[in-house]
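Note sheet for the following structure.
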Number of protein chains: 2
Amino acid sequence: MDHDQIRAVREFSRFYTNIIGLLNQHLPESPFTLPEARILYELNQHQPCTASHLLESLSMDRGYLSRIVAQFEKKKIIARKRSKEDGRAYFLSLTATGKKMFARLDAATHRQVETLLKPMTEAQRKKLLHHMGEIRTLFIQHQADNGK
Amino acid sequence: MDHDQIRAVREFSRFYTNIIGLLNQHLPESPFTLPEARILYELNQHQPCTASHLLESLSMDRGYLSRIVAQFEKKKIIARKRSKEDGRAYFLSLTATGKKMFARLDAATHRQVETLLKPMTEAQRKKLLHHMGEIRTLFIQHQADNGK
DNA sequence: CCAAATGGTTGACAAAGTCAACTAAATGAC
DNA sequence: GTCATTTAGTTGACTTTGTCAACCATTTGG
C-alpha cells in the first residue's frame, strides 16, 4: 500500500469535512441543534424505534441521548410508548408537531444542498453522484466482508 | 435539479460523515483532543503562521483558539514570535518537542486509514482515489467560479 | 432462585465552543 | 498630526455537547 494513497484519502476526508462543515455549521432556520437534528432525522427514518436503536445508529452517549429525548417529550415533539415485549424499553416516535418541525428542517437542509449544487451543470451533477455512489459501494463491500 | 439528486448527496454526506467519525472519534494514542490535533496539523502544514491564519483555515472561534494556543505555548509545543511588520500579530511555529508529538500523531492517524483501506485490493484503492479526486475537482471548479 | 446483563435515567463534571469586552497596534480620513 | 475606526489577539463568563458512574427496573441465563 502506497503512502501517497493514504495521504490522498486523508486529504479528501479533510476536504469533504469542510463541505459537510459548511452544511452543518448553521442548521438552517431551525431551533434544533445538530445532535437534536440527527436524532430527529433518524427517528423520521426509523419509527417507532427504541433509544437503543438511536444510540447505535448515531453513536451517541446514552446519558446525552436520554436528556435530549426527555426534552423532546416535554416539548411534545416525540411520544413514548412502553414496549409490550420488554418492559425496560420504550418505542419513540414523532408526534404530529414533531413531524411538522422535522419537515421544515428537512426542506431547509434540502435547499442548502441545492444551493451547493446549483453551479454545476446537470452532467456534472450526474458525474458527482456516480462518483459518490462508487465510493460508497467500495466501502460498503468491505464493511460487509469485515462483518462476517 | 432532481429531488433525488439532492437526497443522494445528503445520503453520501451522512455516510461519509460516519467514515470520518470512525477516524476522528478516537484520536489514536495521543494526548491531543480533536481541536488541538487540527491546530497542530494546520501548523505543521503552514508554519510559521499567525493565529488569524489558523482562525480562517480551521473556522475556529478566536477565543477558543487563543486558549488552546496559550496552553500549547505553556507546554512548549509551540513558540511565538512577534511579527516585525505588525506589532499585534505573532508568528506561531512548532517547537522540536511539538514536531515530535505531531509526528507521532500523524503516524498513528496514517495507520488508522491504512487499516480502513487494507481490505481493498490495489485496484479498488486506485478506483477509490480516482472517485475521490473527481469529486474534489467538481467541487473545486465551482468554488473557483464562485469565488470570482 | 439469583447473578449478571440490559434499557434507560440522573448527577456531577469536563471539553468544546460562543460572545462580549478589552488592550494594543495599525489604518485611513481629515 | 490627530482621531475615529478597524484589527490581532486575550480574557471573563457562560452555554452546549458530551462523558462516566451510579442507579432502578426489567430481562436473561445458569
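Quantities reported herein were computed from a predicted structural model and do not represent experimental measurements. Just so we're on the same page: letters track the sequence lines, and every chain starts at 1.
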Rounded distance (Å) that lies between atom [atom2] of [N] and atom [atom1] of [X]:
X	N	atom1	atom2	value
Phe32(B)	dA16(C)	CZ	C1'	17 Å
Arg67(A)	dG11(C)	CZ	C1'	7 Å
Arg62(A)	dT17(D)	CZ	C1'	18 Å
Arg88(A)	dT6(C)	CZ	C1'	4 Å
Leu65(A)	dT10(C)	CG	C1'	14 Å
Met60(B)	dA15(C)	CE	C1'	12 Å
Asp61(A)	dA12(C)	CG	C1'	13 Å
Leu54(B)	dG17(C)	CG	C1'	17 Å

Just compare [options] and give me whichever is closest to any side-chain atom of [X].
X	options	answer
Ser66(B)	dG7(C), dA24(C), dG9(D)	dG9(D)
Pro35(A)	dT17(D), dA16(C), dG9(D)	dT17(D)
Thr33(B)	dT27(D), dG8(C), dA15(C)	dA15(C)
Tyr64(B)	dA16(C), dG7(C), dT9(C)	dA16(C)

So what does [X] touch, heavy atoms closer than 4.0 Å: a base, only the sugar-phosphate, or nothing?
X	answer
Gly63(B)	base
Arg80(B)	sugar-phosphate
Thr50(B)	sugar-phosphate

Salt bridge Arg10(A)-Asp106(B), side-chain N to carboxylate O under 4.0 Å:
yes
Is it true that Glu42(A) and Arg38(A) have a side-chain N and a carboxylate O under 4.0 angstrom from each other?
no
Are Tyr41(A) and Phe32(A) close enough, and set up right, to give a ring-ring contact (aromatic ring centres under 6.0 Å, His included), and what steps lead you there?
CA-CA 11 Å; Tyr41(A) 195 86; Phe32(A) 296 119; over 10 Å; no
Does a side-chain N or O from Ser52(B) land closer than 4.0 Å to OP1 or OP2 of dG9(D), or not?
yes
Aromatic rings Phe12(B) and Tyr16(B): how do their planes relate, parallel, tilted or perpendicular, breaks at 30° and 60°?
parallel
Which label fits His131(B) and His131(A): parallel for a plane angle under 30°, tilted from 30 to 60°, or perpendicular past 60°?
tilted
Whichever of Glu85(A) and Glu36(A) has the more 5' nearest nucleotide on DNA chain D, that residue is Glu36(A)
